[in-house]
Amino acid sequence: MASGMESPRSPLSDSKKKGEVWPVWKLVLIALPQLSVQVLWGFIGPHSAPYMQHLGAGAVLATLNNVAGPITGFFTGPIVGATSDSLTSKFGRRRPVILTGLILLWIAGMLFAGAEHIFPLNQCGAVGPAAVLERNGTNATDATDATRRLSEAEPDVVPCTALFFAAPMYWVMDVTINILQTPHRALVADLASPHQQVPMQVVFVFMMSIGNFLAFSIMQIYEKPVDHMIELMLGICLLNTVCVAIQFSVAREIPLNKADGPKKNACSPVLDVVEAVRHSPCLLYQLAGVQCLVWIGNTAWNLYSAQWFEEAVFQGSEHAAKGTQEYNNYIEGNTAFSFGGQMKSVLQLISTLVIMAILLKTSIRPRLVYAPCIFIGTLVSILAAFAVGHSGVFAKICLTISIMPETGSFAIPFGLVATLNARAAAEGKMVSTALQMALLNCCVTVGQQICTMTLAIIESQMSLQKALPLVFMVAALAQGLGGVGALFLNDAPAVADSEEETSSDPESGSEAHTSTQEE
């Protein structure tokens, strides 16, 4: 909750004053659910638009449905963060919210992935190009030219009930994921000591890199993952359940005292968000602008690089008839993408360790670590737009290196916010860790929204194959501006001011004592 507001006393400030320090291994286990959440994002992100097309949506509408994540995240994150910060449950502030999100994820996720089983495609008239050829009696050998002509235009589909059910359910699922993931960082930040804050936020990125590797590995289980969404979603939900169970077995929260808290109403979370925005430190606003720009570029890679591989680099088509060259190109592109994604995850893991070492072992300021990460992303986006062409090897190299801005954006900004709040809590001030992190995440969703809308507009003017390289041009421009902005972040240590004040007090007292003696 923002400073200046009447609020229940935070157990975070009490624990910090007592000097309680949690072992790092326990904090790592508490952060474990971030791994399973990232498996979910890493899998569903690049397959959401192809899955919508699989159910009968056109390319533009399939892309536009991806605004679900940014829009729901923009509103859900801060409200969930505010609710979590002020929750007075006897089970703590964070865990009830996490459990609620997990239960809702099971419901929404299985309904979304099972849409074509609830409303079978063969009962609602879905007709893709492959089905058109089969219906007309065209064999695979003669189908290549016909399939190419069909895939260049909008697929010949009759949207079915499954599509109309899955599209809104995707929005609901995104809400549940945001409810589940928002308190994770805040729970760790509550329990970590001030000097553990930045390293533990880097641990989150470490977890995310492992999660991404698992997500890309899952894509290799089936030749066409969108044909097996229900099985894959079931496994991912089970993984999230196991990770949350481990977290709950380790975490220990001190509940807020309900008697000391202010009266709450339905509008309180929204009002808390407004107050948090008003009273947040200047650094949060600076980070917000940089995060927005960086995530325009990150979204191009996270959501649309699979289609870039399959349709632009390898010139395949998800709607091509099985056995045709375009179908084989599509499968080859998906295989190359999943392998490149695995290498991307490995680099994320290595770069996370390097960033952690730099932040812990040197006096280099965080902005001077963050900015180079962003500029590396700018370079690979330029290469993807102008130099890759149809080179699968070059595309995999660019995909691998594209992780650098994302690694920096999750490790450094959230770590800076956690550190500021930990120091404030140690001083007895009220803090809004979950809310401020959620506000920072809002800027990520703005960048995602801009990228998705930009690609949808470009797709309305040209084919998907031609549109995808252009979105990397937009990504390069945005990340270039974000890198420049990162260089000007005000990341000077907050403790410096207090040290100056402390050093000046004895000095002034000494002068007063000397003056008394002279008199």
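FYI, the numbering just counts along the sequence from 1.
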Is a donor on one side and an acceptor on the other found under 3.5 Å between the side chain of [X] and the backbone of [Y]?
X	Y	answer
Gln479	Val294	yes
Asn65	Leu61	no
Gln247	Ile30	yes
His47	Phe43	yes
Thr182	Ile179	no
Arg367	Leu487	yes
Gln465	Ala312	no
Ser345	Gly341	yes

Sequence-distant partners of [X], side chain to side chain donor-acceptor pair (under 3.5 Å), two or more places apart:
X	result
Gln291	Tyr370
Ser409	Trp295
Glu406	Asn302

Report the distance from atom [atom1] of [X] to atom [atom2] of [Y], rounding to the nearest 0.5 Å.
X	Y	atom1	atom2	result
Gln286	Leu489	CD	CG	5.5 Å
Ile401	Lys396	CD1	NZ	13.5 Å
Leu29	Trp22	CG	CH2	10.5 Å
Leu105	Met173	CG	CE	7.5 Å

For a quick check under 3.5 Å, do [X] and [Y] share a side-chain donor-acceptor pair by atom type?
X	Y	value
Trp41	Asn212	no
Ser36	Asn240	yes
Tyr304	Thr452	yes
Gln220	Thr335	no
Arg93	Ser84	no

* To do: Give the ring-plane orientation class for Phe216 versus Phe337, where under 30° counts as parallel, over 60° as perpendicular and anything between as tilted.
  =>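 Rings of Phe216 and Phe337: perpendicular, as their planes differ by over 60°.
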* Please work out whether the ring planes of Phe112 and Tyr170 are parallel, tilted or perpendicular, with thresholds of 30° and 60°. =>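 The arrangement is tilted - the two ring planes meet at 30° to 60°.
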Specify the closest pair of heavy atoms between [X] and [Y], including all atoms of both residues, with the distance to one decimal.
X	Y	result
Cys243	Leu32	SG-CG, 4.0 Å
Gly211	Val39	O-CG2, 3.3 Å
Ala486	Val290	N-CG2, 3.8 Å
Ala113	Met233	CB-CB, 3.6 Å
Phe314	Gly333	CD1-CA, 3.5 Å
Cys373	Ile355	SG-CD1, 4.2 Å

* To do: Please assess Trp106 against Thr241 for the test side-chain hydrogen bond (donor to acceptor under 3.5 Å, both in side chains), listing each intermediate value before the final yes or no.
  => CA-CA 9 Å; Trp106 268 99; Thr241 303; 2.8 Å; yes
* **Among Val346, Val380, Leu347, the one residue meeting side-chain contact (heavy atoms from CB on, under 4.5 Å) with Thr400** => Leu347
* Asked: Is there side-chain contact between Leu359 and Pro366, with heavy atoms separated by less than 4.5 Å?
  ->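 Contact flag for Leu359/Pro366 side chains = yes.
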